[in-house]
Amino acid sequence: MQRIHAVLFHQGATPCTDLGASAGRANLAKVAAWQLSPVGQTQVAAAVLMLEVTEVQMEVLHRQLMATARHMYGPKVLVERLYGVGPIAGLALTCWLGGAGPFSSTRKAVRFAGRGSLRSRPG
């Protein structure tokens, strides 16, 4: 999307917003046809194709993650007990902690999580 916005900006074309929606992409096609050079049109067309392929892959990945989260015990518990945690965040937390097995108490899990965040700090 940044490439598309850059091409529009550098060629002085009308900025387009909401490129994730079909109406936004239709507007982009009109702007590209009327206001961009042939090279700019090619760049935008290539970027739009890349966006479409990426969106398809993201949808497949999202479905796989949701299916995995629905079938694992850890993510289900986190979703039920922690406000604001959804299935994918619950799955990520479960994977990061390595499941519930290594910890004999929630305090040990919290202690582990605190150490992990301290290690990742620069300095």
Side-chain angles (χ1 to χ4, degrees):
M1 285 194 190
Q2 289 176 343
R3 173 84 315 218
I4 292 169
H5 291 298
V7 170
L8 294 173
F9 175 78
H10 288 294
Q11 294 198 13
T14 304
C16 295
T17 58
D18 199 18
L19 299 178
S22 59
R25 295 226 177 127
N27 183 41
L28 174 64
K30 290 178 190 173
V31 168
W34 287 94
Q35 298 180 20
L36 295 181
S37 69
V39 172
Q41 292 175 13
T42 302
Q43 288 177 319
V44 167
V48 167
L49 285 174
M50 291 171 62
L51 279 174
E52 290 170 354
V53 170
T54 302
E55 288 169 354
V56 169
Q57 291 300 315
M58 291 295 290
E59 182 59 35
V60 169
L61 181 60
H62 186 264
R63 282 193 308 256
Q64 290 173 341
L65 289 171
M66 290 296 286
T68 301
R70 278 190 223 106
H71 291 95
M72 288 182 67
Y73 177 73
K76 285 187 214 177
V77 171
L78 291 173
V79 168
E80 291 171 5
R81 295 185 184 174
L82 296 176
Y83 175 77
V85 173
I88 293 178
L91 178 62
L93 287 167
T94 302
C95 292
W96 183 66
L97 291 172
F103 307 104
S104 59
S105 71
T106 54
R107 279 185 167 203
K108 289 182 180 179
V110 170
R111 196 173 310 133
F112 172 82
R115 286 186 189 152
S117 62
L118 289 176
R119 282 191 206 132
S120 64
R121 288 185 185 166

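What you are looking at is a predicted structure, and each value in this text was computed from that prediction instead of being measured. The basis for the numbers below is simple: all heavy atoms, side chains too, and nothing from hydrogens, waters or symmetry mates.
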Q | CG-OH distance between Leu78 and Tyr73, expressed to the nearest 0.5 angstrom | A |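 Leu78 CG to Tyr73 OH: 9.5 Å, rounded to 0.5 Å.
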
Q | Counterpart residues, side chain to side chain contact (heavy atoms under 4.5 Å, CB included), relative to His10 (two or more places apart) | A |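 By the side chain to side chain contact (heavy atoms under 4.5 Å, CB included) rule, His10 matches Ala6.
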
**Q.** Residues that Ala45 engages under side chain to side chain contact (heavy atoms under 4.5 Å, CB included), provided they are two or more places apart
**A.**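 Scan of Ala45 (side chain to side chain contact (heavy atoms under 4.5 Å, CB included), adjacent residues dropped) gives none.
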
Q. Which residue pairs pass the salt bridge (Lys or Arg N to Asp or Glu O under 4.0 Å) test with at least one member in residues 60-85, sequence neighbours excluded?
A.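 Those involving residues 60-85 are Glu59-Arg63.
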
Q: Could you note down all residue pairs passing salt bridge (Lys or Arg N to Asp or Glu O under 4.0 Å) where residues 36-47 supplies at least one of them, sequence neighbours left out?
A: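 Sorted result for residues 36-47: empty, none.
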
**Q.** Which atom of Ala69 lies closest to which atom of Pro87, heavy atoms considered
**A.**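 Shortest heavy-atom contact: CB-O, 3.4 Å.
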
**Q.** Set of residues satisfying side chain to side chain donor-acceptor pair (under 3.5 Å) with respect to Ser37, sequence neighbours excluded
**A.**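 Scan of Ser37 (side chain to side chain donor-acceptor pair (under 3.5 Å), adjacent residues dropped) gives Gln11.
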
Q: Find out whether Glu52 and Arg25 are in side-chain contact, i.e. whether some heavy atom of one side chain is under 4.5 Å from a heavy atom of the other.
A: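 Yes - at least one pair of side-chain heavy atoms lies under 4.5 Å apart.
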
Any chain of hydrophobic side-chain contacts (each under 4.5 Å) joining [X] to [Y]?
{"X": "Leu91", "Y": "Leu93", "result": "no"}
{"X": "Ile88", "Y": "Val79", "result": "no"}
{"X": "Met66", "Y": "Met72", "result": "yes"}

Q) Which residues, ordered by chain and number, are linked to Val7 in its hydrophobic cluster, where ILVMFWY side chains connect at heavy-atom gaps below 4.5 Å, directly or through other members? A)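 Reading the cluster by chain and number, Val7 sits alongside Met1, Ile4, Leu8, Leu19, Leu28, Val31, Leu36, Val44, Val48, Leu51.
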
